[in-house]
Amino acid sequence: MTRWRIAAGALGAAMTAAALVPVPVQAAAGQASAACSMTLGTVTVQGDHKFQRITATAPVTASPPSVGPKALFPVDQVRLATSVGWEPDPPSGMAHQGYVTIGTDLYRFRYVTDTTSGQLDPDSVQKTKVGGGWIHQTYLEQSTYYGTTTRTNAYALQRDVVTRWTVEGSVWRSKSTYTGFSAVKTMTLISQTATYDTFLANTRGGALYTIRIPLSGKPVVKKVRGSTWQGFETLIAEKCGNQSTLLLAIDKDTRRGYLYAVSHANGTATVIKGLGRVGDQLAAPEDKTYFRHYPGSSEAEWLLYGE
């Protein structure tokens with residue numbers, strides 16, 4: 001166990017559009033393909049998936065929410081969700097896969113939608129239980145790096161402990177724990193390399209940090225900002241260019257989301273530019289948890305490199 005303390009205080013228009021299966025949303029994404037953008041995914045109280053394209057135009061624009069597939073999960077049972085990767089499923093499908101907690105159990109899921117109509121293939125839905133005991137965790141994510149070697153790691157935050165697993169198929173092994181993160185409110189993955197993953201985390205005291213977790217050795221923590229970030233319960237990051245990050249910060253109390261452009265992270269020298277509020281009320285009352293929806297195949301080469 002490693003202890004580390006934080007002080008309290010796009011693939012082109014066609015591929016981008018394919019991430020959102022309903023036709024009206026596809027059109028909206030295509031029109032804004034020149035600007036950095038992200039697809040915000042949501043699991044609703046009803047167990048539906050909901051998608052919305054957010055684009056860094058001036059002012060910030062957001063597509064109408066697209067709901068579906070519906071009733072993927074039990075009503076009001078999903079608490080945490082990882083990023084969801086999508087990839088073509090020939091001849092005409094799009095496969096989506098990730099992890100969610102349902103009650104106190106962790107599940108891996110996969111489903112296929114029709115590329116043109118967005119309709120779910122009901123026979124494609126798979127849910128595989130990974131394990132139990134998912135009660136006190138407050139953050140969950142997966143990271144797959146494609147290179148000369150491929151690796152997949154999963155991460156969770158529970159109280160002051162960040163846990164990392166190596167994932168091979170449905171097996172989670174080689175558990176590593178790092179303590180000293182009790183001040184962290186939430187975090188988001190911003191960088192994936194052959195030797196480390198990096199997260200951007202805000203604290204209950206308002207600070208903003210990067211947390212680099214190498215494959216071997218202890219985490220490297222750097223302060224980015226000292227205040228004003230305490231109001232956000234959710235952070236979602238997407239790549240913008242080769243080395244920068246598009247960051248969405250959601251305040252569920254006010255139901256508002258704010259978009260930021262973040263330079264390649266370098267401690268307090270990191271440049272953060274506020275791009276504006278995303279609509280009037282981004283977060284809906286029925287939203288349970290949010291996730292990043294991204295091109296997840298090895299051919300996509302869609303890796304985050306924000307630090």
Side-chain angles (χ1 to χ4, degrees), residues 19-25 38-54 62-86 89 93-114 117-142 154-158 170 172 185-186 188 232-236 248 250-257 278-294 296:
L20 288 169
V21 283
V23 175
V25 180
M38 67 167 65
T39 301
L40 173 66
T42 307
V43 181
T44 70
V45 171
Q46 293 80 15
D48 306 335
H49 262 178
K50 180 172 71 172
F51 299 99
Q52 193 165 10
R53 193 74 175 172
I54 299 171
S63 69
S66 169
V67 180
K70 295 186 176 182
L72 276 174
F73 310 110
V75 173
D76 203 20
Q77 290 295 301
V78 172
R79 191 170 57 85
L80 302 174
T82 67
S83 295
V84 174
W86 61 267
D89 187 77
M94 193 69 70
H96 314 253
Q97 56 189 352
Y99 293 87
V100 292
T101 59
I102 300 176
T104 61
D105 296 324
L106 175 68
Y107 285 83
R108 181 182 182 183
F109 70 87
R110 182 181 188 272
Y111 65 85
V112 176
T113 55
D114 183 83
S117 68
Q119 293 298 309
L120 173 69
D121 175 4
D123 294 331
S124 72
V125 179
Q126 302 173 12
K127 300 188 188 79
T128 305
K129 183 177 176 179
V130 177
W134 288 78
I135 302 171
H136 302 294
Q137 293 84 353
T138 55
Y139 177 76
L140 173 66
E141 184 56 294
Q142 64 169 337
Y155 299 86
L157 174 66
Q158 180 176 344
S170 59
W172 290 30
K185 187 171 184 178
T186 191
T188 185
F232 301 118
E233 291 84 12
T234 297
L235 301 175
I236 301 289
L248 176 66
I250 299 175
D251 182 342
K252 293 193 73 173
D253 293 332
T254 63
R255 296 172 53 191
R256 289 175 174 172
V278 184
D280 185 36
Q281 291 187 322
L282 176 67
E286 68 271 15
D287 294 352
K288 283 285 289 185
T289 189
Y290 302 96
F291 58 88
R292 169 183 174 239
H293 192 224
Y294 71 101

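Given the structure is predicted, the values throughout are model-derived calculations rather than measurements.
A distance-only check finds a donor-acceptor pair linking the side chain of H96 to the backbone of M94 [under 3.5 Å]. With hydrogens and angles ignored, the 3.5 Å screen pairs no side-chain donor or acceptor of D114 with any backbone N or O of Q119. Looking at R79, its side chain never comes within 3.5 Å of a backbone N or O of V100 through a donor-acceptor pair. Using modelled atom types, one side-chain atom of Q52 and one backbone atom of S63 make a donor-acceptor pair closer than 3.5 Å. A distance-only check finds no donor-acceptor pair linking the side chain of K127 to the backbone of F73 [under 3.5 Å]. Side-chain atoms of T113 do not come within 3.5 Å of backbone N or O of L120 as any donor-acceptor pair. Counting only distance, with no hydrogens or angles, the side chain of T42 and the backbone of T44 share no donor-acceptor pair below 3.5 Å.
A donor-acceptor contact closer than 3.5 angstrom links the side chains of E141 and S83.
Listed by chain and number, the residues in a side chain to side chain donor-acceptor pair (under 3.5 Å) with Q97 amount to none (sequence neighbours excluded). Partners of D251 by salt bridge (Lys or Arg N to Asp or Glu O under 4.0 Å), not counting sequence neighbours: none found. Taking the salt bridge (Lys or Arg N to Asp or Glu O under 4.0 Å) definition, one finds that D280 meets it with R277, sequence neighbours left out.
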Side chain to side chain donor-acceptor pair (under 3.5 Å) between T128 and R108, intermediate numbers included: CA-CA 5 Å; T128 305; R108 181 182 182 183; over 6 Å; no

Stepwise side chain to side chain contact (heavy atoms under 4.5 Å, CB included) check, K185 with F232: CA-CA 8 Å; K185 187 171 184 178; F232 301 118; over 6 Å; no

Test log, rule side chain to side chain contact (heavy atoms under 4.5 Å, CB included), inputs D48 and V43: CA-CA 6 Å; D48 306 335; V43 181; over 6 Å; no

Verdict with reasoning, L248 to M38, per side chain to side chain contact (heavy atoms under 4.5 Å, CB included): CA-CA 9 Å; L248 176 66; M38 67 167 65; 3.8 Å; yes

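Here the CZ-CD1 distance, from F109 to I102, works out to 9.0 Å after rounding to the nearest 0.5 Å. For the atom pair OG1 (T101) and CG (L80), the distance works out to 4.0 Å, reported to the nearest 0.5 Å. Put simply, NE2 on H136 and CD on Q158 are 6.5 Å apart, with the number rounded to the nearest 0.5 Å.
Side-chain contact between W172 and L106 is present, with heavy atoms from C-beta onward closer than 4.5 Å. Taking 4.5 Å as the limit, some side-chain heavy atom of Y99 sits within range of a side-chain heavy atom of Q142. At a threshold of 4.5 Å between non-hydrogen side-chain atoms, the residues Y111 and D121 do not count as touching. Side chains of K288 and D76 form a contact here, defined as non-hydrogen atoms less than 4.5 Å apart. Y290 places a side-chain heavy atom less than 4.5 Å from the side chain of L40. Under the 4.5 Å side-chain criterion, counting only non-hydrogen atoms from C-beta, L282 is not in contact with R255. Here the side chains of T186 and T234 are not in contact, with every heavy-atom distance at 4.5 Å or above. At least one side-chain heavy atom of Q46 sits less than 4.5 Å from a side-chain heavy atom of E286.
V130 and S170 make their closest contact through CG1-O, 4.4 Å (heavy atoms, listed as atom of the first residue, atom of the second, distance). Between A81 and T289, the closest heavy-atom pair is CB-CG2, 3.8 Å.
For K252 and D287, the salt-bridge test fails: no basic side-chain N is under 4.0 Å from an acidic carboxylate O. A salt bridge links D105 with K129: at least one charged nitrogen is closer than 4.0 Å to a carboxylate oxygen. Ion pairing of D89 with R110 is present here, as a side-chain N (NZ or NE/NH1/NH2) and a carboxylate O approach within less than 4.0 Å.
Taking the six-membered ring for Trp and thresholds of 30 and 60 degrees, F51 and H49 have ring planes more than 60 degrees apart, a perpendicular arrangement.
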